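Beneath this line is the structure, given in structure tokens, with notes to follow.
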Amino acid sequence: MQYPSPPNQQRYYEQVWDLARQVPYGRVVTYGQIAQRISAPAGVDPQEYKAWSPRWVGDAMAACPDDVPWQRVINAQGKISARPGAQRQRRLLEAEGIVFVNDKVDLKRYQWPGPGHVEEPRQATLF
DNA sequence: CGCTTGACCGGAA
DNA sequence: ATTCCGGCCAAGC
């Protein structure tokens with residue numbers, strides 16, 4: 001497949017890394033989510049930005065500095081994108097307390113920002 | 001130089 | 001639920 005890159009790629013990547021660094025321990029974000037939080041670079045058609053930016057975020061993550069918690073960025077299906085190293089990513093997330101069911105995490109529960117975890121339905125404590 | 005190859009996503013079939 | 005499709009640049013070999 002063939003796809004465009006952002007103008008000023010390096011600066012775009014840095015914006016991605018800055019956002020990724022804000023994801024707390026035990027939480028995840030999606031590529032598209034990070035892309036949405038970065039405004040389309042000047043000269044990029046909004047429609048085109050919407051189409052390609054999630055991939056750009058993926059490209060940025062592939063080249064991220066060591067201080068970025070790269071393991072917390074996953075795809076919009078709640079899965080780890082296939083590649084060599086995917087298994088290591090899963091281990092790191094599990095070590096943060098994240099549970100995988102059928103190779104997928106519950107985004108409602110772990111996606112950041114958000115509540116952080118879904119309270120179990122609890123019966124009112126009766127006296 | 002000319003290939004090849006990419007951490008994605010949403011809508012349609 | 002699953003597969004297919006469009007989106008059309010730049011780094012590395």
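The sequence lines fix the lettering, A, B, ..., with proteins before strands; numbering per chain opens at 1. Note that these values count all heavy atoms, side chains included, but never hydrogens, waters or copies made by symmetry. Since the structure is predicted, the reported quantities are computational estimates derived from the model, not experimental observations.
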- Message: If I pick the P atom on B/dC3 and the same atom on C/dC8, what distance separates them, to the nearest angstrom?
- Response: 22 Å

- Query: Roughly how far apart, to the nearest Å, are C/dG7 and B/dG6 at atom P?
  - Reply: 22 Å

- Task: Would you mind telling me which residue lines up with the more 5' stretch of DNA chain C, A/Met1 or A/Pro6, judged by nearest nucleotide?
- Result: A/Met1

- Query: Would a 4.5 Å heavy-atom cut-off, applied to side chains only, mark A/Val16 and A/Met61 as touching?
  - Reply: yes

From [atom1] of [X] over to [atom2] of [N], roughly how many Å is that when rounded to an integer?
{"X": "A/Gln111", "N": "B/dC9", "atom1": "CD", "atom2": "P", "result": "11 Å"}
{"X": "A/Asn102", "N": "C/dA1", "atom1": "CG", "atom2": "P", "result": "11 Å"}
{"X": "A/Trp56", "N": "C/dC9", "atom1": "CH2", "atom2": "C1'", "result": "9 Å"}
{"X": "A/Lys104", "N": "C/dA1", "atom1": "NZ", "atom2": "C1'", "result": "11 Å"}
{"X": "A/Asp45", "N": "C/dC9", "atom1": "CG", "atom2": "C1'", "result": "16 Å"}
{"X": "A/Tyr49", "N": "B/dG10", "atom1": "OH", "atom2": "C1'", "result": "16 Å"}
{"X": "A/Gln2", "N": "C/dA11", "atom1": "CD", "atom2": "P", "result": "15 Å"}
{"X": "A/Arg55", "N": "C/dC9", "atom1": "CZ", "atom2": "P", "result": "13 Å"}

- Item | Same cluster (ILVMFWY, side-chain, under 4.5 Å), A/Trp112 and A/Tyr110 | no

- How would you label the contact of A/Trp70 with the nucleic acid (heavy atoms, under 4.0 Å): base, sugar-phosphate, or nothing? base

- What does A/Ala76 touch in the nucleic acid at a heavy-atom separation under 4.0 angstrom: a base, only the sugar-phosphate, or nothing? sugar-phosphate

- Cation-pi between A/Arg90 and A/Phe100: NZ/CZ under 6.0 Å from ring centre and within 45° of the ring axis? yes

- Taking B/dC8, B/dG6, C/dC9 as options, the one with an atom nearest any side-chain atom of A/Tyr31 is B/dC8

- Message: Please pick, from C/dC9, B/dC9, C/dA10, the nucleotide with the shortest atom-to-atom distance to any side-chain atom of A/Pro4.
- Response: C/dC9

- Task: Could you grab the distance from atom OH of A/Tyr31 to atom OG of A/Ser53, nearest 0.5 Å is fine?
- Result: 13.5 Å

- Any chance you could measure A/Leu19, atom CG, to A/Glu14, atom CD, to the nearest 0.5 Å? 12.5 Å

- If we require ring centres under 5.5 Å and near-parallel planes under 30°, does A/Trp52 stack on C/dG7? yes

